[in-house]
Amino acid sequence: MKKYDFGGFQVEIDEEATRAWYEKSEEWDCTCGHCRNFVLLARERRLPAELLELLDKLCVSPAKPAYVCEMDEKEDKLWYQITYCLPGRVIQGLEQGSAVFPWGEVNFREESAPHETPEGEYMDMNLFLWLPWADGVPLHPHQIILSSDLEENTTELENLLRRVIPAALSLEGVTAPWEVDVLITDDAGIQAINRDMREVDAPTDVLSFPMFDFAPGDKPTEADIEPGSGLVPLGDMVLNIDRIRSQGEEYGHGPVRETAYLAVHSVLHLLGYDHLDEGPMKAQMRSREEAILDKLGILR
C-alpha cells in the first residue's frame, strides 16, 4: 500500500492490485454520444492535469473508469460524474466531504465489499466536472468490442484498431451507428475458429463474419439498427497476431501496416466486398483497401 495526497484527502492505494485489475478491464463502452465524448477526451488526455498525474502514477488508463454519467448540459459543455475504483482506503479527509478544484469536485467513498475488483478494501474516487464536447459537436454512437485471448499486452494494437476501423467505415460512407466485434488471437486460436466455423483446419491471418448480405458499396441504413442496442451489428472480425508479425516482416512494411491492412480488409468483407475471383471483384476490393490506407497515411 502506498500513500497519496489528493485535494486534501490522504489515501492508501494498493498499486499492484490496481494495475492488475485495470490491465484486464476495458475502456468505458457505453455507446451514447455523451459517453463516447468522454472516452475521446480521455484518450486524448484532455482531462484535468491533477487527475491525469494520479492515474499515470497508478498506470490506470483515463478511458477505463468504473462509471460515467452525464448529468447536465450547458452550451458546449457537459457536467459529468466519473468514478474510478481504486483498491485501498481513505486515511484522512472523509469528514470534509469533497475536495474542490477549479475544474470541479472530488470525493472518495469507502466501500465494504469489492465489486469486480481484487479481493480486499477498495474505494470509489468520484469526480464531478464540466467537460467540453470534443471538437464542439456531439459524436455519433458506435462501438468496437475488443477482446483478446492472449496473455501478452495488446494495448498498442487495440489503439490502432480503434483508429482504423471507424475511419474505414466512414470512408465507405457508413453513417448509421454501428457495432463491430474484434477478437485478437494467435495461430492456434484462429485455426480452431476456422475449423469450427468454416471447416478449414488451418490458421489464416484474418477472419470476417458479416451479419448482413450486402453487395459491395451498399450501406447499412436506419432500418438495420437493432432496437435494443440502437446500433447496426455489422459482424465479427478475428485477427491473428502471429501472422501480423510474420507477414509484416515478409512484406517489409512492419506490423502496423499489416494490422491496418487486415482490419480494413475485414471491414470491407463486413460491407459485402469479396475476392472470390482474380478478376473485377478482387481488383475492386484491393482498390478500396489501398485508397483507405492512403487516406489514413499508413503507407507501404
Do Y67 and Y84 come close enough that some side-chain heavy atom pair is under 4.5 Å? no

Minimum heavy-atom separation for W28 and P65, please, with both atom names. CE3-O, 3.7 Å

Linked, directly or transitively: V238 and I244 (ILVMFWY side chains, under 4.5 Å): no

Worked verdict on W133 versus H34 for ring pair (Phe, Tyr, Trp, His ring centres under 6.0 Å): CA-CA 8 Å; W133 275 116; H34 300 144; 5.5 Å; yes

Show which side-chain atoms of residues 192-199 pair as donor or acceptor with protein atoms under 3.5 Å away, not counting sequence neighbours.
residue: N194; atom: OD1; partner: R198; partner atom: NH1; Å: 2.6
residue: N194; atom: ND2; partner: A202; partner atom: O; Å: 2.9
residue: R195; atom: NH1; partner: D201; partner atom: OD1; Å: 3.1

What heavy-atom pair brings D149 and L183 nearest, and what distance separates the two atoms? N-CD1, 4.1 Å

After noting the C-alpha distance and the side-chain angles of F101 and F128, does the key distance pass the ring pair (Phe, Tyr, Trp, His ring centres under 6.0 Å) rule? CA-CA 10 Å; F101 292 87; F128 301 88; over 10 Å; no

Between CG on residue D29 and CD1 on residue I145, distance to nearest 0.5 Å: 7.0 Å

Spatial distance of atom NZ (K282) from atom OG (S287) [nearest 0.5 Å]: 14.0 Å

Can you say whether the rings of W178 and H142 are parallel (under 30°), tilted (30 to 60°) or perpendicular (over 60°)? parallel

Not counting sequence neighbours, which residues clear salt bridge (Lys or Arg N to Asp or Glu O under 4.0 Å) with D5? List them please. none

Of all pairs that satisfy side-chain hydrogen bond (donor to acceptor under 3.5 Å, both in side chains), the ones with a partner from residues 202-215, not counting sequence neighbours: D205-Q247, S208-S266

Stepwise, does the side-chain contact (heavy atoms from CB on, under 4.5 Å) test hold for L293 with H265? CA-CA 10 Å; L293 291 169; H265 181 86; over 6 Å; no

Out of E290, E289, R288, K295, which residue meets the side-chain contact (heavy atoms from CB on, under 4.5 Å) rule with I292? R288

For residues P177 and I225, determine if any side-chain heavy atom of one lies less than 4.5 Å from a side-chain heavy atom of the other. yes

Nearest heavy-atom pair of E26 and L146: which atoms, and what distance? OE2-O, 3.1 Å

If you apply the rule side-chain contact (heavy atoms from CB on, under 4.5 Å), what do you find for M1 with I13, and how did you get there? CA-CA 5 Å; M1 301 280 278; I13 298 175; over 6 Å; no

Under the 3.5 angstrom rule, does the side chain of S98 hit a backbone N or O of V100 as a donor-acceptor pair? no

Return yes if a side-chain donor-acceptor contact under 3.5 Å exists between D124 and T83, otherwise no. no

Looking at S25 and Y22, would you say the former's side chain and the latter's main chain have a donor-acceptor pair under 3.5 Å? yes

What orientation do F6 and F108 show, parallel under 30°, tilted 30 to 60°, or perpendicular over 60°? perpendicular

Going from CG on D224 to NZ on K219, what distance comes out if it is rounded to the nearest 0.5 angstrom? 13.0 Å

May I ask you to test the E258-Y251 pair for a side-chain heavy-atom distance under 4.5 Å? yes

If Ile, Leu, Val, Met, Phe, Trp and Tyr residues are connected whenever their side-chain heavy atoms lie under 4.5 Å apart, and connections chain through other members, are L239 and L207 in the same group? no

Please evaluate residues E15 and L58 with respect to the criterion side-chain contact (heavy atoms from CB on, under 4.5 Å), reporting the C-alpha separation (whole Å), side-chain torsions for both, the decisive distance (0.1 Å), and the verdict. CA-CA 6 Å; E15 292 182 323; L58 297 170; 4.0 Å; yes

Backbone of A215 reached by a side-chain donor or acceptor of D218 within 3.5 Å: yes

Backbone N/O of D242 and side chain of S246: donor-acceptor pair under 3.5 Å: yes

Would you tell me whether Y80 and N37 have side-chain atoms, one donor and one acceptor, within less than 3.5 Å of each other? yes

Using a cut-off of 6.0 Å, state whether more than 12 heavy atoms not belonging to E16 lie near its atom CD. no

Looking at side-chain heavy atoms only, is the closest gap between L271 and P216 below 4.5 Å? no

When you measure from the side chain of N240 to the backbone of D187, do you find a donor-acceptor pair of N or O atoms at a distance under 3.5 Å? yes

Interatomic distance, L161 atom CG to E156 atom CD [nearest 0.5 angstrom]: 11.5 Å

Going only through I, L, V, M, F, W and Y residues with side-chain contacts under 4.5 Å, is there a path from L127 to Y4? yes

Please report the C-alpha distance between R245 and E249 in whole Å, then the side-chain angles of each, then the deciding distance to 0.1 Å, and finally whether the salt bridge (charged side-chain N to carboxylate O under 4.0 Å, His left out) criterion is met. CA-CA 6 Å; R245 290 167 176 157; E249 183 176 353; over 6 Å; no

Does any non-hydrogen side-chain atom of Q143 lie less than 4.5 Å from one of L231? yes

For atom CE of M285, decide whether the heavy atoms of other residues, nucleotides or ligands shown that lie under 6.0 angstrom number more than 12. yes

Heavy-atom closest pair, residues F38 and I82: CE1-CD1, 3.4 Å

Would a hydrophobic clustering, with Ile, Leu, Val, Met, Phe, Trp and Tyr connected at side-chain separations under 4.5 Å, put V256 with V267? yes

Please tell me if the side chains of V232 and E179 come closer than 4.5 Å, counting only heavy atoms from C-beta onward. no

Euclidean distance, L47 CG relative to L129 CG, rounded to 0.5 Å: 7.5 Å

Does the side-chain contact (heavy atoms from CB on, under 4.5 Å) test come out yes or no for R46 and L131, once each step is laid out? CA-CA 9 Å; R46 292 163 63 185; L131 291 176; over 6 Å; no

State, with a plain yes or no, whether a side-chain heavy atom of H269 is found less than 4.5 Å away from one of H275. yes

Atom pair CG/CD of L54 and E50 - distance to nearest 0.5 Å: 10.5 Å

Please tell me if the side chains of R162 and E27 come closer than 4.5 Å, counting only heavy atoms from C-beta onward. yes

Taking R257 for its side chain and I298 for its backbone only, find out whether a donor-acceptor pair lies under 3.5 Å. yes

Locate the shortest heavy-atom distance separating A63 from R43; write the atom from each residue and the value. CB-CG, 4.4 Å

Looking only at heavy atoms, what is the nearest atom pair of R19 and C59, with distance? NE-SG, 3.6 Å

Aromatic rings F214 and F212: how do their planes relate, parallel, tilted or perpendicular, breaks at 30° and 60°? parallel

Would the distance check show the side chain of T18 and the main-chain N or O of D14 forming a donor-acceptor pair, the cut-off being under 3.5 Å? yes

Check the hydrophobic clustering (I, L, V, M, F, W, Y; side-chain heavy atoms under 4.5 Å; chains of links allowed) and say if L157 and L150 are grouped together. yes

